[in-house]
Q: 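Submitted below is the structure of interest, expressed as structure tokens.
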Amino acid sequence: MSEREDPWPCLSVNKSRFAFPDWAYKPESSPGSRQIQLWHFILELLRKEEYHDVIAWQGDYGEFVIKDPDEVARLWGARKCKPQMNYDKLSRALRYYYNKRILNKTKGKRFTYKFNFNKLVLVNYPFIDMGSAGTKRGHTNHIHLFT
DNA sequence: GTCGGAATGT
DNA sequence: ACATTCCGAC
């Protein structure tokens with residue numbers, strides 16, 4: 001938690017109120033761009049109580065509902081300096097996660113998606129023993145499952 | 001609302 | 001690679 005990019009470069013207010021954990025940022029895997037990824041951002045909003053009228057866990061394990069799509073889009077746009085962001089564009093980015101097996105859509109449930117925590121937990125918490133075969137004992141910081 | 005192709009940008 | 005933008009189809 002020492003030298004890190006400004007989480008809210010577009011905000012003149014409330015700058016230092018958010019302490020993003022290190023794992024919410026892209027590991028040094030990709031040379032140049034260490035920009036926040038959408039699914040990291042989503043997880044961070046879900047972690048914060050102050051957003052649970054905007055986005056929250058709901059339903060099955062890993063399932064979450066975007067209660068206020070416009071607001072989530074606004075926050076994401078603020079984070080990425082894309083003031084023209086909206087839910088239509090944000091949801092397209094979420095849809096790209098289907099093939100990467102980071103997210104699924106919960107069909108029939110409005111604004112509801114589901115994380116594939118099998119993958120995510122391994123990426124973010126490589127030291128957690130999930131009881132699955134092939135999980136190495138933690139001596140590396142990051143396991144890159146989809147690169 | 002949701003999906004996914006296509007072009008474009010970083 | 002990972003979105004952003006636009007948009008036709010369902």
Side-chain angles (χ1 to χ4, degrees), chain A residues 1-15 17-48 50-128 130 134-136 138-147:
Chain A
M1 42 191 117
S2 41
E3 348 85 35
R4 209 190 294 142
E5 66 179 290
D6 182 355
W8 299 96
C10 307
L11 293 183
S12 47
V13 218
N14 282 348
K15 275 208 172 183
R17 287 186 53 190
F18 304 97
F20 282 69
D22 289 346
W23 60 260
Y25 293 84
K26 198 167 194 170
E28 67 268 23
S29 50
S30 21
S33 64
R34 50 182 56 214
Q35 278 244 329
I36 184 87
Q37 266 151 290
L38 179 54
W39 62 275
H40 291 165
F41 184 78
I42 296 290
L43 280 178
E44 191 48 39
L45 292 185
L46 286 165
R47 255 173 58 90
K48 294 268 175 183
E50 55 209 278
Y51 296 114
H52 65 198
D53 286 330
V54 169
I55 186 171
W57 299 115
Q58 199 161 104
D60 290 346
Y61 184 68
E63 235 176 60
F64 64 94
V65 180
I66 298 172
K67 299 177 180 179
D68 190 342
D70 292 339
E71 179 63 4
V72 172
R74 195 191 63 76
L75 291 165
W76 175 234
R79 180 64 183 79
K80 290 288 292 293
C81 301
K82 295 286 177 184
Q84 307 312 311
M85 184 51 59
N86 57 34
Y87 180 69
D88 182 58
K89 295 169 188 170
L90 186 150
S91 62
R92 182 67 188 93
L94 291 179
R95 264 173 251 135
Y96 272 127
Y97 288 146
Y98 300 167
N99 292 335
K100 298 179 180 178
R101 288 188 273 173
I102 293 170
L103 279 186
N104 296 323
K105 187 72 183 68
T106 302
K107 290 176 184 175
K109 291 186 182 177
R110 220 161 153 244
F111 306 126
T112 302
Y113 301 81
K114 184 177 171 182
F115 275 104
N116 273 326
F117 273 115
N118 291 340
K119 300 277 182 181
L120 290 179
V121 168
L122 284 173
V123 169
N124 294 314
Y125 303 101
F127 303 107
I128 291 179
M130 299 193 68
T135 307
K136 283 196 277 188
H139 54 274
T140 53
N141 276 336
H142 303 287
I143 302 169
H144 310 121
L145 288 162
F146 28 77
T147 41

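Naming: A, B, ... by sequence-line order, numbering from 1 per chain. Values below: all heavy atoms of this structure, side chains included; hydrogens, waters and symmetry mates excluded.
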Q: So which of residues 105-113 of chain A are in contact with DNA chain C, with a heavy-atom cut-off of under 4.0 Å?
A: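 DNA chain C contact set from residues 105-113 of chain A: none.
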Q: Which atoms form the tightest heavy-atom contact between A:Leu46 and A:Phe115, and what is the distance?
A: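 Taking A:Leu46 first and A:Phe115 second, the nearest heavy atoms are CD1-CE1, 3.9 Å.
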Q: Of all residues at least two apart in sequence or in a different chain, which pass the side-chain contact (heavy atoms from CB on, under 4.5 Å) check with A:Phe111?
A: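 Result, side-chain contact (heavy atoms from CB on, under 4.5 Å) vs A:Phe111: A:Ile66, A:Pro69, A:Tyr87.
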Q: Could you list the residues that satisfy side-chain hydrogen bond (donor to acceptor under 3.5 Å, both in side chains) with A:Tyr98, not counting sequence neighbours?
A: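 By the side-chain hydrogen bond (donor to acceptor under 3.5 Å, both in side chains) rule, A:Tyr98 matches no residue at all.
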Q: What pair of heavy atoms forms the shortest contact from A:Asp88 to A:Arg95, and how long is it?
A: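 Answer, listing the atom of A:Asp88 first, then A:Arg95: O-NH2, 4.2 Å.
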Q: When the distance from NZ of A:Lys80 to P of B:dG9 is rounded to whole Å, what number comes out?
A: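 From A:Lys80 NZ to B:dG9 P: 16 Å.
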Q: Relative to the 5' end of DNA chain B, which residue comes earlier, A:Asn99 or A:Ser91, by the nucleotide with the nearest heavy atom?
A: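 Going by which nucleotide is closer to the 5' end, it is A:Ser91.
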Q: CD of A:Gln37 versus P of B:dT10: gap in Å, rounded?
A: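 Those two atoms, CD and P, are 18 Å apart.
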Q: What is the minimum heavy-atom distance between A:Lys67 and A:Asp53, and which atoms define it?
A: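 Between these two residues, the closest heavy atoms are CB-O, 3.5 Å.
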Q: What nitrogen or oxygen pairs link the protein and nucleotides 5-10 of chain C at under 3.5 Å?
A:
from  : atom 1 : to      : atom 2 : distance (Å)
C:dT5 : OP2    : A:Lys89 : NZ     : 3.4

Q: Between A:Arg79 (CZ) and C:dA3 (C1'), how many Å, whole number?
A: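 So the CZ-C1' distance, A:Arg79 to C:dA3, works out to 14 Å.
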Q: Give a yes/no answer on whether the side chain of A:Trp76 brings an N or O atom under 4.0 Å of OP1 or OP2 in C:dT4.
A: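 For A:Trp76, the contact criterion (side-chain N or O under 4.0 Å from OP1 or OP2 of C:dT4) is met.
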Q: Under the side-chain hydrogen bond (donor to acceptor under 3.5 Å, both in side chains) rule, collect the residues that match up with A:Asn86, sequence neighbours excluded.
A: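 Counting only residues at least two positions away or on another chain, A:Asn86 forms no side-chain hydrogen bond (donor to acceptor under 3.5 Å, both in side chains).
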Q: What orientation do A:Phe117 and A:Tyr61 show, parallel under 30°, tilted 30 to 60°, or perpendicular over 60°?
A: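 Judged by the thresholds at 30° and 60°, the geometry between A:Phe117 and A:Tyr61 is tilted.
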Q: Taking NZ from A:Lys100 and P from B:dG4, how many angstroms apart are they, rounded to a whole number?
A: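 Going from A:Lys100 (NZ) to B:dG4 (P), I get 14 Å.
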Q: Nearest whole angstrom, please: distance from the C1' of C:dT4 to the CD1 of A:Ile36.
A: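 The answer, rounded to whole Å, is 17 Å.
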Q: Using salt bridge (Lys or Arg N to Asp or Glu O under 4.0 Å) as the criterion, list what pairs up with A:Lys109, not counting sequence neighbours.
A: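 For A:Lys109, the residues satisfying salt bridge (Lys or Arg N to Asp or Glu O under 4.0 Å) (neighbours in sequence not counted) are A:Glu63.
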Q: Ignoring hydrogens and geometry, is there a side-chain-to-backbone donor-acceptor pair from A:Tyr113 to A:Leu94 under 3.5 Å?
A: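 Between the backbone of A:Leu94 and the side chain of A:Tyr113 there is no qualifying donor-acceptor contact (under 3.5 Å).
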Q: What's the OH-P distance between A:Tyr98 and B:dG1, to the nearest Å?
A: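 Spelled out: OH on A:Tyr98 to P on B:dG1 is 13 Å.
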Q: Atom NE2 of A:His40 and atom C1' of C:dC2: how far apart are they, to the nearest Å?
A: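 Value for this atom pair: 12 Å.
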Q: Could you tell me how far apart A:Tyr97 (OH) and B:dT2 (P) are, to the nearest whole angstrom?
A: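 From A:Tyr97 OH to B:dT2 P: 17 Å.
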Q: Can a side chain N or O of A:Tyr87 be found less than 4.0 Å away from OP1 or OP2 on B:dG1?
A: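 So the side chain of A:Tyr87 is outside the cut-off, no N or O lying under 4.0 Å from OP1 or OP2 of B:dG1.
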